[in-house]
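Here's the structure we're looking at; comments come further down.
Residue numbers begin at 1 in each chain, while the letters A, B, ... track the order of the sequences.
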Amino acid sequence: MTQKSERHMFDDPKNVRRVIHILYGLCALSLLGDVLVHRHVEHPWEGLFGFYCIYGFGACVLLVLVAKEMRKVLMRGEDYYDD
Amino acid sequence: MTSLAPFLVFYLGALGVALTHGLARRALMLVIPLAGALNLYGLSDGVMWQTDLLDYQLTVVRVDQLSLIFGYLFHLATFIGIIFSLHVRDSVQHVSGLLYAGSALGAVFAGDLLTLFIFWELLAITSVFLVLARRTERAYASAMRYLIFQVGSGVILLTGVIMYANETGGIAFNYIGLGGLSSWLIFLAFGIKCGFPLLHTWLTDAYPEASETGTVFLSAFTTKVAVYALARAFPGTELLVYIGATMTMFPIFYAVIENDLRRVLAYSLINQIGFMVTGIGLGTALALNGAISHAFNDVIFKGLLFMSMGAVLYRTGKINGSELGGLYKSMPWTAGFCMVGAASISAFPLFSGFVSKSMVMVAALEEGHPVVWLALLFASAGVFHHAGIKIPYFAFYAHDSGLRPKEAPMNMLIAMGLAAAICVFNGTYPWLLYSMLPWPVDYAPYTIDHVLTQCQLLFFSALAFYALNIWGLYPPELRSVNIDSDWSYRKGLPALARWAMTFGGAARRGVLVRLQRRLERFLKEIYRHHGPQGVLARTWPTGSMAFWTTVLLGVYLIAYLFVTG
């Protein structure tokens with residue numbers, strides 16, 4: 001591999017932090033939306049304040065934690081099927 | 001204007017591609033889907049190529065709104081796939097790719113179940129070469145398992161069709177609905193190709209083993225033909241709602257812990273088909289429109305994601321998340337296109353998934369399935385997590401792998417760019433897509449509620465990804481294999497066979513000894529009669545024969561005298 005000396009966008013931790021801050025901002029803004037917008041809801045659960053925020057966050061955390069537990073049962077060596 | 005059957009354009013084209021090479025071949029390959037689309041445009045609604053076979057009527061081509069949208073979609077997918085594979089110097093892949101696409105067209109335009117069966121099997125046979133084309137031992141084994149599943153699905157379909165013809169007296173390919181055994185068999189056959197839970201392993205097994213370009217073709221056709229078939233024959237079948245919801249859920253867990261990034265996409269392919277299957281099960285105009293428009297969008301964005309990973313594999317020879325990272329530095333265009341695909345599959349506003357997936361979700365609530373709706377919402381967050389973030393993150397960002405491959409070849413970039421443009425176009429201007437749907441669309445995707453809630457769901461999913469990484473809870477990419485239901489036939493059955501061999505060995509020996517003894521006795525008996533000393537081996541003098549003949553004639557004479565006297 002050729003070692004290039006030029007620096008790329010995310011080599012600078014400042015840029016990574018910038019992305020994270022934008023994400024924080026977007027999250028806060030979308031949550032604020034729940035205050036400003038009176039949403040029409042099809043189902044009572046939907047109407048709860050910040051329902052989609054909490055559900056999205058919770059779903060992903062649960063997904064990853066469960067998947068990690070699944071690994072204990074399901075994971076095998078890379079050549080498990082090859083022999 | 002006389003039109004050809006849509007599949008014929010591709011079959012003839014494949015023949016032409018087999019006979020040409022170099023620039024002429026490449027030009028021909030590009031012209032085929034365009035000529036096919038023009039031909040399709042000239043077809044009018046209705047049936048053609050009807051012929052009687054015994055007591056049944058075959059309808060080789062039936063054109064209506066439902067078959068037409070899949071027809072156009074398959075032409076578009078072929079065109080993009082051909083551009084993407086233009087650099088490949090492998091006749092087998094080009095010819096089989098075109099035959100495969102042609103077979104998919106044959107299947108969606110089939111007006112009767114027998115024609116459907118023929119193309120159903122042709123889909124299997126033509127596509128397996130795209131897996132074999134990788135030319136590795138692993139791909140070969142995978143291709144054989146793939147073929148068994150696919151051909152098996154066809155055999156079940158044929159059995160179902162024969163029984164169905166007996167029951168109903170016709171083989172027209174229309175609404176069937178779950179009823180007798182025949183309909184269940186047809187349903188099962190569709191289900192195998194559709195990747196129903198536990199029947200899905202052929203997909204996650206073979207698609208990641210195919211060639212870089214082959215997977216792009218594979219991801220477009222087989223499963224979408226199955227979705228079409230379900231939409232045609234089993235709309236409103238409630239069982240499909242639950243099957244579909246399961247399909248959206250379980251693959252995302254596998255996708256999170258899978259290392260091979262093309263296998264991650266294969267799992268997420270099942271997840272997306274789950275939304276379509278749910279929509280078909282709900283069966284309302286909104287849900288079916290959602291299912292079909294999502295099938296359209298999925299072919300393009302999933303193709304785009306497979307193309308971007310194909311480009312990575314082509315340039316680096318690696319596809320495991322554990323070995324990649326930091327590729328945005330030298331493959332920025334591929335990274336960018338990949339992120340358009342990721343945004344589309346995650347249903348970000350302005351990208352294609354946003355305008356189609358939500359139709360199915362709204363329909364689920366309208367039809368009184370709040371739990372299914374919650375499952376779909378969970379899957380929506382999950383798909384963003386594993387396909388939207390994980391794929392681009394581990395390939396192009398994450399830790400720097402030190403790899404600095406060249407940017408993807410120009411033809412690959414053009415193909416990805418075209419797919420990305422369609423993703424954005426359908427996301428920002430969905431009305432052209434909506435106008436092609438079989439039912440009138442009374443749905444507005446861009447309401448403030450929808451945009452807001454979808455943004456909330458996705459932003460907070462991204463936040464969860466970041467938080468889990470910070471907390472050190474995110475599972476690292478590991479070189480590994482995760483066992484799935486294919487364990488049953490890849491490990492379970494062989495183990496059972498070995499056990500049977502050892503356990504049955506003694507019994508087998510006992511039986512053999514007894515059989516041998518009996519055989520020996522039997523041979524001895526034969527020898528006694530037929531051997532040199534045997535009664536049947538003696539020679540008889542001619543005289544005795546003359547004597548017995550005389551006796552016989554004498555008896556005959558006496559009998560004659562008695563009878564006539």
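For a residue to count as touching a neighbouring chain, one of its non-hydrogen atoms must lie under 4.5 Å from one of that chain's; by this rule A:Ile54 does not touch chain B. With a 4.5 Å cut-off on non-hydrogen atoms, B:Leu377 touches chain A through its backbone and its side chain both. Both the backbone and the side chain of B:Trp487 come within contact range of chain A, each with at least one heavy atom under 4.5 Å from a heavy atom of that chain. Only the side chain of A:Leu23 comes within less than 4.5 Å of a heavy atom in chain B; its backbone stays farther off. Using a 4.5 Å cut-off between heavy atoms, B:Tyr466 touches chain A through its side chain atoms alone. Looking at B:Phe465, there are no atoms closer than 4.5 Å to chain A (heavy atoms on both sides), in backbone or side chain. Both the backbone and the side chain of B:Leu478 come within contact range of chain A, judged by heavy atoms closer than 4.5 Å. Residue contact with chain B, scored on non-hydrogen atoms closer than 4.5 Å, involves the backbone of A:Val73 exclusively. Looking at B:Pro476, the atoms closer than 4.5 Å to chain A (heavy atoms on both sides) sit in the backbone and in the side chain alike. Residue contact with chain A, scored on non-hydrogen atoms closer than 4.5 Å, involves the side chain of B:Ala467 exclusively. Only the side chain of B:Asn320 comes within contact range of chain A, with at least one heavy atom under 4.5 Å from a heavy atom of that chain.
If you check the side chains of B:Ser480 and B:Asn259, you find no donor sitting under 3.5 Å from an acceptor. Counted by atom type alone, B:Trp333 and B:Tyr328 present zero donor-acceptor pairs between their side chains at under 3.5 Å. With hydrogens and angles left out, the side-chain atoms of B:Thr334 and B:Glu407 include a donor and acceptor closer than 3.5 Å. Inspection of the B:Thr201 and B:Asp484 side chains reveals no N or O donor paired with an N or O acceptor under 3.5 Å. Remark: the A:Tyr55 side chain and the B:Gln456 side chain contain no N/O donor-acceptor pair separated by less than 3.5 Å.
Heavy atoms from other residues, nucleotides or ligands lying under 6.0 Å from OH of B:Tyr489 number more than 12. Taking a 6.0 Å sphere around CD1 of B:Ile448, one finds it holds 12 or fewer heavy atoms contributed by other residues, nucleotides or ligands.
B:Pro208 and B:Arg134 get closest at one heavy-atom pair: O-NH1, 3.4 Å. Closest non-hydrogen pair, B:Ser268 versus B:Ile345, comes out as OG-CD1, 3.6 Å.
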**Message:** Please determine whether side chain to side chain donor-acceptor pair (under 3.5 Å) holds for the pair B:Glu367 and B:Thr284, giving the CA-CA distance in whole Å, both sets of side-chain angles, and the decisive distance to 0.1 Å.
**Reply:** CA-CA 9 Å; B:Glu367 293 308 295; B:Thr284 61; 4.8 Å; no
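Here B:Asp400 pairs with B:Lys329 in a salt bridge; the nearest charged N to carboxylate O distance falls below 4.0 Å. Between B:Arg145 and B:Asp205 there is a salt bridge, since at least one side-chain N of the basic residue sits less than 4.0 Å from a carboxylate O of the acidic one.
Comparing B:Trp373, B:Tyr474, B:Tyr397 by how many heavy-atom pairs each has under 4.5 Å with chain A, the most go to B:Trp373. Among B:Leu452, B:Thr447, B:Leu365, B:Thr453, the residue making the largest number of heavy-atom pairs under 4.5 Å with chain A is B:Thr453. The choice from A:Val37, A:Asp34, A:Leu31 that makes the most heavy-atom pairs within less than 4.5 Å of chain B is A:Asp34. Here B:Pro370 is the residue among B:Pro370, B:Cys455, B:Ala379 with the most heavy-atom pairs under 4.5 Å with chain A.
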Run the side-chain donor-acceptor check on residues 58-67 of chain A: report pairs under 3.5 Å with partners two or more places apart or on a different chain.
none

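Of all residues in residues 249-258 of chain B, those placing a non-hydrogen atom less than 4.5 angstrom from a non-hydrogen atom of chain A are B:Ile252, B:Phe253, B:Tyr254, B:Val256, B:Ile257. Contacts between residues 380-395 of chain B and chain A, defined by a heavy-atom separation under 4.5 Å, are made by B:Ala381, B:Gly382, B:His385.
Residue pairs meeting the ring pair (Phe, Tyr, Trp, His ring centres under 6.0 Å) criterion with at least one member in residues 13-43 of chain A, sequence neighbours excluded: A:His43-A:Trp45.
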